[in-house]
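Okay, so here's the structure we're looking at.
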2 protein chains.
Amino acid sequence: MGKIARLHSLAGKRTTTQRKLLLDLIQQAGGHLDADELYRRAREQEPTISLSTVYRNLKLFKELDLIDERHFAEEHHHFEAKATVEHHHLVCLGCGRVIEFKSPLIERMKRQLSRQNGFVVTDVEVCMMGYCARCQESMASG
Amino acid sequence: MGKIARLHSLAGKRTTTQRKLLLDLIQQAGGHLDADELYRRAREQEPTISLSTVYRNLKLFKELDLIDERHFAEEHHHFEAKATVEHHHLVCLGCGRVIEFKSPLIERMKRQLSRQNGFVVTDVEVCMMGYCARCQESMASG
DNA sequence: GTTGGTGCAAAGTGTTTGCACTCTG
DNA sequence: CAGAGTGCAAACACTTTGCACCAAC
């Protein structure tokens, strides 16, 4: 899995206005964006940008390992800037809020798998669905 | 979350030939099916069945909690008969094979989350991606 | 007999692609 | 100034829906 070190984030790819804007928006966002939300935000600063450009660059960023793609229980994909620390997601089925969490248990699980099945894990997605404290309250009272 | 007990699996819904066939196929399959694969198998026994019927029934089965829907890193969804025992998935990026596993660590993680965030977890999806033993070998030799 | 379920075709999503034009390097 | 990247529209893959007919209850 040797990977050639990248000199800067775009690794020789051309730095177009659109590409830079998209990358900035993703990194600023902090949270999770889908292609459409990113498109909407990008158009505020670059009204002629097209949705294809958004998709093409998301694909590129993924290849360059600059972003992670997430598959929540929805039809479309979500993206987020590559995490410095691996973390996972709690999705509240009440309000739709996505809460990030991390747990050392996941590392242990990886190790267990490689020991038991000889499987080398390169990427983990943990998605827990349920109800956040707030939604539980409003269900109890409502 | 109160749920009226179901008398039998289809809970008052009509037992059509197609519906029964689809449910049988899913339960026999053991593994993971996508809508198209299910359609293909169903047509072997019921050549006039339509893809819409497959989708409509998958939706119904999901509502009746007879199947689980999975979101591997692909465009379409996979389904499997409701698991008696909660288990999770290893997806090999080399050969595409899906290996099931279970781990007590996941229960612990759930408990930790409810303790730390007051979040009640109703459903968990853990998807680990990487390379199975076989694919590691062929990468090393190839 | 009602009316829920089906098959078909048409529409709806989210995403990708072909092409001519534009701009980076 | 070559060719990577763009905008646009058309194509794509998967899923849902409207409608007329059919069959389970």
Side-chain angles (χ1 to χ4, degrees), chain A residues 6-26 32-64 66-80 96, chain B residues 6-26 32-64 66-80 96:
Chain A
R6 14 181 169 78
L7 297 181
H8 59 291
S9 56
L10 287 179
K13 296 285 173 183
R14 291 187 181 174
T15 319
T16 64
T17 324
Q18 297 91 328
R19 184 164 290 166
K20 194 163 179 327
L21 171 60
L22 291 172
L23 199 50
D24 279 356
L25 285 173
I26 294 169
H32 315 86
L33 292 171
D34 56 20
D36 211 63
E37 178 59 27
L38 182 55
Y39 177 47
R40 219 170 298 133
R41 296 191 191 183
R43 262 189 311 182
E44 287 172 19
Q45 293 177 55
E46 193 73 27
T48 63
I49 198 172
S50 82
L51 192 48
S52 345
T53 296
V54 172
Y55 277 111
R56 275 189 283 235
N57 279 300
L58 282 173
K59 199 176 162 196
L60 174 69
F61 298 159
K62 213 174 13 164
E63 282 163 15
L64 295 181
L66 297 174
I67 62 174
D68 278 326
E69 187 175 359
R70 295 292 160 195
H71 311 88
F72 302 141
E74 292 179 30
E75 289 60 39
H76 55 282
H77 303 156
H78 289 246
F79 300 89
E80 61 186 328
Chain B
R6 22 180 163 76
L7 298 182
H8 59 291
S9 57
L10 286 178
K13 296 284 174 185
R14 291 186 182 174
T15 320
T16 64
T17 323
Q18 297 91 328
R19 186 164 288 165
K20 193 163 179 325
L21 171 59
L22 291 171
L23 200 49
D24 279 355
L25 285 173
I26 294 169
H32 315 86
L33 292 171
D34 56 20
D36 212 62
E37 178 59 27
L38 182 54
Y39 176 47
R40 220 170 297 132
R41 296 192 189 183
R43 262 190 311 184
E44 286 173 18
Q45 293 177 55
E46 193 73 29
T48 63
I49 197 171
S50 82
L51 192 49
S52 343
T53 298
V54 172
Y55 277 111
R56 275 190 283 237
N57 279 301
L58 282 173
K59 199 177 164 195
L60 175 69
F61 299 158
K62 213 175 12 165
E63 281 163 16
L64 296 180
L66 297 174
I67 61 174
D68 278 325
E69 188 177 356
R70 295 292 160 196
H71 312 87
F72 301 140
E74 292 179 29
E75 289 61 41
H76 55 282
H77 302 155
H78 288 246
F79 300 90
E80 61 185 328

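Just so it is clear, the model here is predicted, and its values are computed rather than measured. Letters A, B, ... are given to chains in the order of the sequence lines, protein chains preceding strands, and every chain is numbered from 1.
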Interatomic distance, CG@Leu51(A) vs CZ@Arg43(A), rounded to 0.5 Å, equals 8.5 Å
If I take atom CG in residue Asn57(A) and atom C1' in nucleotide dT16(C), what distance separates them, rounded to the nearest angstrom?
14 Å
Identify the two heavy atoms, one from Ile26(A) and one from Leu33(A), that lie closest to each other, and give their separation to 0.1 Å.
CA-CD1, 4.0 Å
Flag the pair Leu58(B) / Phe79(B) as yes when at least one side-chain heavy-atom distance between them is below 4.5 Å, and no otherwise.
yes
So do Thr53(B) and Thr16(B) actually touch side chain to side chain, heavy atoms under 4.5 Å?
no
How long is the span from the CG atom in Asn57(A) to the CD atom in Gln18(A), to the nearest 0.5 Å?
8.0 Å
Under-4.0 Å side-chain N/O to phosphate OP1/OP2 contact, His77(B) with dC14(D)
no
Quick one, which residues of residues 37-50 of chain B touch DNA chain C with a heavy atom under 4.0 Å?
Thr48(B), Ile49(B), Ser50(B)
Classify the ring geometry of His77(B) against His71(B): parallel below 30°, tilted from 30° to 60°, perpendicular beyond 60°.
perpendicular
With heavy atoms under 4.0 Å as the rule, sort Asp34(A) into base, sugar-phosphate or nothing.
nothing
Among dG7(D), dG5(C), dT15(C), the nucleotide that comes nearest once only the side chain of Arg19(B) is considered
dG5(C)
Expected string for nucleotides 16-25 of chain D under the B/S/- scheme (protein heavy atoms, under 4.0 Å, primed atoms plus P, OP1, OP2 as sugar-phosphate) is BBB----BBS
Decide yes or no for Leu10(B) and Leu23(B): does some side-chain heavy atom of the first lie under 4.5 Å from some side-chain heavy atom of the second?
yes
Run the salt-bridge test on Glu37(A) and Arg41(A) with the 4.0 Å N-O cut-off and return the result as yes or no.
yes
The nucleotide from dG14(C), dT15(D), dT6(D) with an atom nearest the side chain of Ala35(B) is dT15(D)
Looking at dC23(C), I'd like to know if its phosphate oxygens (OP1 or OP2) sit under 4.0 Å from a side-chain N or O belonging to Gln18(A).
no
In whole angstroms, how far is the P atom of dG12(C) from the CG atom of Asp36(A)?
17 Å
Is the side chain of Arg19(A) donor-acceptor paired with the backbone N or O of Arg14(A) at a distance under 3.5 Å, no angle test?
yes
How many Å lie between CG on Leu33(A) and C1' on dG14(C), as a whole number?
16 Å
